[in-house]
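Reading through the structure tokens given below for one structure.
These values consider heavy atoms only, across backbone and side chains, with no hydrogens, waters or symmetry-generated copies. Not measured: the values here are computed from a predicted model.
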Amino acid sequence: SGMVAYSGPFTMEYRNMIEKSWMEELTKLNILFKPELPMRKYLADPVKLMQWNVNGLPKDDTSTENGVILDFTERWPLMIDPQTQANKFLKKSLKDSGENHEIIKASSPMLQKVIEKGLTNGFVILVENVGLKLDPALEPILLKQTTFDPTTRGRTITLGDKSVSYHDKFKFLMTTTIPNPHYSPEICAKVTIVNFGITMTGLVEQMLATIVNLEDRKLEDSKMDIVKSNAEDRKELVGIEDQILNSLSESSGTILEGDKIVDQLSTSKNKSKQISQRVKDSKITEENIDKARENYRRVAIRASILFFCIVDLATIDPMYQYSLQWFENLFATSVSNTPQRPKQTLEDRLTDLNKQFTMALYRNVCRSLFGKHKLLFSFLMTTRILTGEGEADGGTFDSQAYRHLLTGPTGEVKIPVKTVDWINSDSTWRQIFTEMNGLDQLPKFRGILRHFMSNIDEWRPIYESNDPRSEE
């Protein structure tokens, strides 16, 4: 309940930290609990989860937990949804469920009338593009301030200056596309904020499912079949247990005298043994499938790195906006356009996929960039790939040198007295010495400061040259 109520706004890393800190507190207080049981495993119904995935909920752990929060929360949810993943998932779910629903923008002048209709008739209302402030007229709905009407024998709620009947099936959902909104504590207390914003870890898992589905459909189908089979087995076992409990509650006299109960207990025992064996067998199969899926992880990592490259272009110019859906479509097209070589190993195939998609993304994005930004985009792609994949492959990307390139020397430096007259001013000397001292901190430039101070006149041609890079 704590995770459902409070973890919604946070990314998976923070959620894991919250779970860990709570478990430590439970241990200190000697309260018994089951470790290694995250919210998504304890509360997520496998059958529901599979249907959520079919309706467009991404398959990563963060999205699964978000689905659980939406399913169990007592307050109306407000979803942070910059990539519109939650919006698409909710629309598909509402359409498939057959529930009466209305979808409306927060800025629409018809908002209040649509909500009134939903309150009276028990509709699900999805309000899109919510801003940083909510309409004060929505407060009674958010706080569920209903009253009992003795005349109609039902509940009513005040909306604006009207008293509207409140249907028990009414639901109220809100989404915002603002990437990192700062809502006031008052709003946070009235709604359950759920963060559907994409993270690096979450996108890797999504892209892994996508590439496996495109390259080895049977593998992904096998995994889904196992999930479905396990879910159905659990559902059947719960059904048998419910029947037994129902029979026990209805029986009179000695329990063992009832043939029906004895038969149900026997059936339950046999079924439980069968299911336990099937779960055991499927666990081994699932582990083998997961191991095979991991072979494609480096393609998923490359794709995720490149997505966040193009997201960061918006800091250069707000015009540079690229949707996740466009990115996923380009990825799928790139995979299908990557030719199969004869006698190609899986490793070669993964390398070809990475090359093909990287080039396809670069060409497509460059069409929308100003000429002056194309070189910057190339540099961003290169450094991000070296940083991300270098760490994954045990590479040696020099992050210290990269940081120095971006920020220059840091920290205070004691400047010696200027001893040469060809450097014009004290401020120029201070700048040169600071830069040399900063370079001297990098392993590949170690000793450059000592050489500069010992042979300072040899650096004069470089200082006075119009093209210092050509000097030796």
Side-chain angles (χ1 to χ4, degrees), residues 6-18 56-67 69-70 73 76-91 103-107 126-135 173-207 210 300-301 303-331 361 364-365 368-369 373 376-377 380-381 383-384 387-388:
Y6 301 114
S7 68
F10 304 109
T11 60
M12 181 53 69
E13 290 76 12
Y14 280 103
R15 290 180 187 181
N16 290 337
M17 286 170 60
I18 292 170
L57 184 72
K59 296 179 181 179
D60 61 285
D61 291 343
T62 307
S63 299
T64 300
E65 289 195 352
N66 288 342
I69 293 170
L70 292 181
T73 181
W76 299 130
L78 169 56
M79 287 149 275
I80 301 169
D81 189 29
Q83 285 84 32
T84 68
Q85 292 187 110
N87 208 286
K88 290 168 188 169
F89 160 63
L90 291 170
K91 286 179 179 178
I103 299 169
I104 189 167
K105 297 280 192 295
S107 57
L126 172 58
V127 182
E128 302 176 312
N129 298 343
V130 171
L132 290 176
K133 293 182 179 179
L134 302 181
D135 189 338
L173 312 171
M174 297 167 284
T175 62
T176 178
T177 55
I178 303 171
N180 190 25
H182 295 278
Y183 287 107
S184 66
E186 291 78 16
I187 291 177
C188 294
K190 294 170 189 173
V191 300
T192 296
I193 295 178
V194 187
N195 188 0
F196 273 87
I198 198 75
T199 62
M200 183 68 180
T201 306
L203 187 58
V204 167
E205 295 304 319
Q206 288 183 41
M207 298 311 295
T210 303
I301 290 172
S304 304
I305 289 168
L306 293 177
F307 176 74
F308 283 100
C309 278
I310 62 174
V311 166
D312 285 348
L313 288 175
T315 59
I316 300 171
D317 192 310
M319 183 182 69
Y320 299 149
Q321 301 282 346
Y322 306 91
S323 72
L324 182 60
Q325 186 179 6
W326 170 84
F327 180 83
E328 289 175 337
N329 290 339
L330 180 63
F331 180 75
L361 183 75
N364 277 272
V365 171
S368 62
L369 299 181
H373 293 150
L376 181 59
F377 178 54
L380 181 63
M381 283 181 66
T383 52
R384 287 291 178 83
T387 306

A side-chain contact here means heavy atoms from C-beta on lying under 4.5 Å apart; do [X] and [Y] qualify?
X	Y	answer
Ile198	Phe308	yes
Leu90	Thr175	yes
Asp135	Lys133	no
Val311	Tyr322	no
Thr177	Pro82	no
Leu126	Met174	no
Leu70	Val194	yes
Ile80	Pro181	yes

Quiz item: Under 3.5 Å, is there a donor-acceptor pair between the Ser63 and Asp60 side chains?
Solution: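 Result is yes, a qualifying pair exists.
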Find the distance between [atom1] ([X]) and [atom2] ([Y]) and round it off to the nearest 0.5 Å.
X	Y	atom1	atom2	value
Leu57	Phe89	CG	CZ	5.0 Å
Thr199	Gln206	OG1	CD	8.5 Å
Gln85	Leu324	CD	CG	5.0 Å
Trp326	Phe331	CH2	CZ	13.0 Å
Phe377	Ile316	CZ	CD1	9.0 Å
Asn87	Ile103	CG	CD1	7.0 Å

Exercise. Walk me through it: do Leu313 and Leu369 pass the test side chain to side chain contact (heavy atoms under 4.5 Å, CB included)?
Key: CA-CA 9 Å; Leu313 288 175; Leu369 299 181; 4.1 Å; yes
Exercise. Kindly determine whether Thr201 and Glu13 satisfy side-chain hydrogen bond (donor to acceptor under 3.5 Å, both in side chains), including the steps that lead there.
Key: CA-CA 9 Å; Thr201 306; Glu13 290 76 12; 3.3 Å; yes
Quiz item: Which class fits the ring pair Phe10 and Tyr14: parallel under 30°, tilted 30 to 60°, perpendicular over 60°?
Solution: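 Rings of Phe10 and Tyr14: tilted, 30 to 60°.
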Quiz item: Would you call Arg15 and Asp61 a salt bridge, taking side-chain N to carboxylate O under 4.0 Å as the test?
Solution: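 A salt bridge is absent here (no side-chain N lies under 4.0 Å from a carboxylate O).
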Quiz item: How would you list, by chain and number, every residue that makes a side chain to side chain donor-acceptor pair (under 3.5 Å) with Ser7, sequence neighbours excluded?
Solution: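 If we apply the side chain to side chain donor-acceptor pair (under 3.5 Å) test to Ser7, skipping adjacent residues, there are no hits.
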Quiz prompt | Met207 and Phe327: CA distance, side-chain angles, deciding distance, side chain to side chain contact (heavy atoms under 4.5 Å, CB included) verdict | solution = CA-CA 11 Å; Met207 298 311 295; Phe327 180 83; 4.2 Å; yes
Can you check whether [Y]'s main-chain N or O pairs, donor with acceptor, with [X]'s side chain at less than 3.5 Å?
X	Y	value
Ser368	Val365	yes
Asp317	Tyr320	no
Ser304	Val204	yes

Check [X] against [Y] and note the closest heavy-atom contact, atom names and distance.
X	Y	result
Asn364	Leu330	ND2-CD1, 3.6 Å
Pro9	Asn195	O-ND2, 3.2 Å
Leu380	Thr383	O-OG1, 3.1 Å
Asn129	Ala106	O-CB, 3.7 Å

Quiz item: Can you list the steps and then say if Trp76 with Val127 is a side chain to side chain contact (heavy atoms under 4.5 Å, CB included)?
Solution: CA-CA 11 Å; Trp76 299 130; Val127 182; over 6 Å; no
Quiz item: Between Lys91 and Glu128, is a side chain to side chain contact (heavy atoms under 4.5 Å, CB included) present by the stated rule, with each step listed?
Solution: CA-CA 11 Å; Lys91 286 179 179 178; Glu128 302 176 312; 2.9 Å; yes
